[in-house]
Number of protein chains: 2
Amino acid sequence: MQTETRDEMRERIIEAALKRFTHYSASKTTMNEIADDLHCSKASLYYYFPDKNALHLSVLEKAGEAYFVELETAAAGKSSAYEALMEMISIRHAFGKRFCRLELFKVLRDKQILNSADIFKYARERETQIVANIIRKGVENGELITAEPEKVATLYIQSMIGLRFSMSHNGMSDDISDEEFETVRGWQTMLADIFIKGLKK
Amino acid sequence: MQTETRDEMRERIIEAALKRFTHYSASKTTMNEIADDLHCSKASLYYYFPDKNALHLSVLEKAGEAYFVELETAAAGKSSAYEALMEMISIRHAFGKRFCRLELFKVLRDKQILNSADIFKYARERETQIVANIIRKGVENGELITAEPEKVATLYIQSMIGLRFSMSHNGMSDDISDEEFETVRGWQTMLADIFIKGLKK
DNA sequence: CTTTGACTTTATAACTAAAAAAGTCAGAAA
DNA sequence: TTTCTGACTTTTTTAGTTATAAAGTCAAAG
């Protein structure tokens with residue numbers, strides 16, 4: 001029962017932090033505020049997490065997990081690669097808007113945070129694998145042709161991320177206006193279109 | 001004759017600044033250093049340029065002009081769109097390496113600098129026009145098919161710029177290692193390839 | 001018209017002190 | 001033994017200070 005309770009408490013903390021982080025932002029949220037929300041002491045939080053960064057990463061991991069599950073479900077449900085990629089853009093868009101205050105890019109830029117580079121590398125690879133699977137599936141059913149689905153998937157993801165940066169007026173900031181968000185989405189859609197066409201002989 | 005001499009002096013100043021800027025960097029160069037190089041007083045520089053930013057922009061304009069001329073010449077000389085785009089990547093790569101100390105991105109990010117946004121907008125549009133022309137030419141001779149060369153060109157340029165940012169470890173910094181430069185170039189080449197294939201049929 | 005030395009103003013960098021937040025720990029509670 | 005906390009220390013941010021360097025000005029000279 002100990003292990004059960006322990007994980008439950010961790011979960012409650014992550015949940016509380018997620019709420020604060022998404023409403024205000026990660027850097028504007030203090031450990032005391034999270035503790036107060038849970039009617040417990042700040043020291044308790046440190047019993048479950050070594051430091052604030054670890055908690056932050058756990059929050060990102062939780063949001064990321066939901067993101068990937070949704071992506072994988074959606075990808076599996078679509079019959080054509082084209083539809084799957086478009087759905088991916090849609091989901092990415094929704095999550096980007098919803099979780100922009102989690103300061104993902106800020107964490108990524110911060111070299112001090114232990115393991116942050118690894119976690120993001122894993123996330124990017126997982127996203128790339130989803131695209132790679134979509135492409136492989138497309139190749140199998142004759143919709144697409146390519147000798148290196150993995151490499152194409154990497155290029156695709158990096159290009160999509162790049163568009164997000166190069167079209168946004170703020171560059172690599174986590175903040176981005178709704179209008180810019182829509183613009184980026186438009187260009188991403190067009191790029192996906194060209195990719196699909198480019199992978200047919 | 002006055003006008004003649006005046007422009008010559010402006011040119012000499014820009015030349016001197018360009019040397020200092022490319023060797024050290026724009027922000028590490030002082031107006032006094034430039035004046036000393038020219039064996040004139042700092043006040044003279046202010047007779048020809050309203051402030052340091054104006055001089056900096058003139059330097060960027062000069063480098064940019066050389067870049068565009070080279071691009072346009074190269075693009076005109078290639079018979080296929082594929083070759084033209086590849087040559088463009090090559091030229092872009094060489095200029096990026098050569099002029100990275102001009103702090104182009106830093107200037108772009110600085111909202112205070114008067115007209116900087118306009119100048120960069122013009123530069124991006126000119127680059128886009130070159131790509132648009134390559135695409136139009138490709139459409140004319142049957143190499144490519146698309147209903148909107150302009151829009152495709154915009155997407156192409158933004159994607160290329162985006163790859164530069166998303167692949168670089170430093171994000172939007174002007175500094176980038178030689179190794180990363182080569183990596184970016186590799187991915188840009190692959191993306192150009194997919195664009196070309198995507199614009200057939 | 002062009003140039004300059006001497007000048008003023010503005011930005012930068014290096015400290016500082018005060019406040020706030022992060023993080024620790026001995027011991028209490030369950 | 002595991003979980004929790006009040007009281008504590010340490011670290012980070014912030015705001016304010018100064019000194020220095022660089023930007024920018026101007027009356028007067030060439």
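Numbered from 1 within each chain, the chains take letters A, B, ... in sequence-line order.
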Quickly work out the B:E33 CD to D:dA21 P distance and round it to whole Å. 13 Å
Salt bridge check, B:K106 against B:D110: does any charged N sit closer than 4.0 Å to a carboxylate O? no
Around atom CD of B:E182, are there more than 12 heavy atoms from other residues, nucleotides or ligands closer than 6.0 Å? yes
Compare side-chain N and O positions of B:S41 against OP1 and OP2 of C:dT3 and report whether any pair is under 4.0 Å apart. no
Inspect the surroundings of NZ in A:K97 and state if more than 12 heavy atoms from other residues, nucleotides or ligands are less than 6.0 Å away. yes
Taking the six-membered ring for Trp and the full ring for Phe, Tyr or His, determine whether the centres of A:F105 and A:F165 are under 6.0 Å apart. yes
Specify the residue among A:N32 and B:L45 whose closest nucleotide of DNA chain C lies further upstream toward the 5′ end. B:L45
Considering all heavy atoms, the nearest B:I34-B:T29 contact: CG1-CG2, 3.8 Å
Charged N-O contact under 4.0 Å between B:D37 and B:R20: yes
State whether B:R136 and B:E150 are salt-bridged, where the test is any N-O pair (Lys NZ or Arg NE/NH1/NH2 against Asp/Glu carboxylate O) under 4.0 Å. yes
Would you kindly give the OH-to-P distance between A:Y47 and D:dT2, to the nearest whole Å? 7 Å
With sugar-phosphate meaning primed atoms plus P, OP1 and OP2, does A:T30 contact a base, only sugar-phosphate, or nothing at under 4.0 Å between heavy atoms? sugar-phosphate
Please check the phosphate of D:dT2 (OP1 and OP2 only) for any side-chain N or O of A:R6 closer than 4.0 Å. no
What contact category does A:Y48 fall into here, base, sugar-phosphate, or nothing, at under 4.0 angstrom with non-hydrogen atoms? sugar-phosphate
Could you run through nucleotides 8-13 of chain C and give me one letter per nucleotide, 5' to 3': B if any protein heavy atom sits under 4.0 Å from the base, S if only the sugar-phosphate is that close, - if neither? ------
Close N or O pairs between protein and nucleotides 23-30 of chain C (under 3.5 Å):
residue, atom, partner, partner atom, Å
C:dG23, OP2, A:Y46, OH, 3.2
C:dG23, OP2, A:K52, N, 2.9
C:dG23, N7, A:K42, NZ, 3.0
C:dG23, O6, A:K42, NZ, 2.9

Considering only NZ, NE, NH1 and NH2 on the basic side and carboxylate oxygens on the acidic side, decide whether B:E65 and B:R126 come within less than 4.0 Å. yes
Tell me: CG of A:D36 to P of C:dA22, nearest whole Å? 12 Å
Within the supplied structure, the quantity of interest is the number of heavy atoms (other residues, nucleotides, ligands) at a distance under 6.0 Å from B:R109 CZ; does it exceed 12? yes
Are any of the side-chain nitrogens in A:K200 or A:E143 under 4.0 Å away from the carboxylate oxygens of its partner? no
Whole angstrom is fine here: how far is it from CZ in B:F49 over to C1' in D:dT25? 18 Å
Closer than 4.0 angstrom, basic N to acidic O: yes or no for B:E70 and B:R92? no
Counting the atoms with a prime plus P, OP1 and OP2 as sugar-phosphate, which does B:S27 contact under 4.0 Å by heavy atoms, base, sugar-phosphate, or nothing? nothing
A:H56 NE2 to C:dA22 P, straight-line distance once rounded to whole Å: 12 Å
If you fit an axis to the five pairs at each end of the helix from C:dC1-D:dG30 to C:dA30-D:dT1, how big is the angle between those two axes, to 10 degrees? 40°
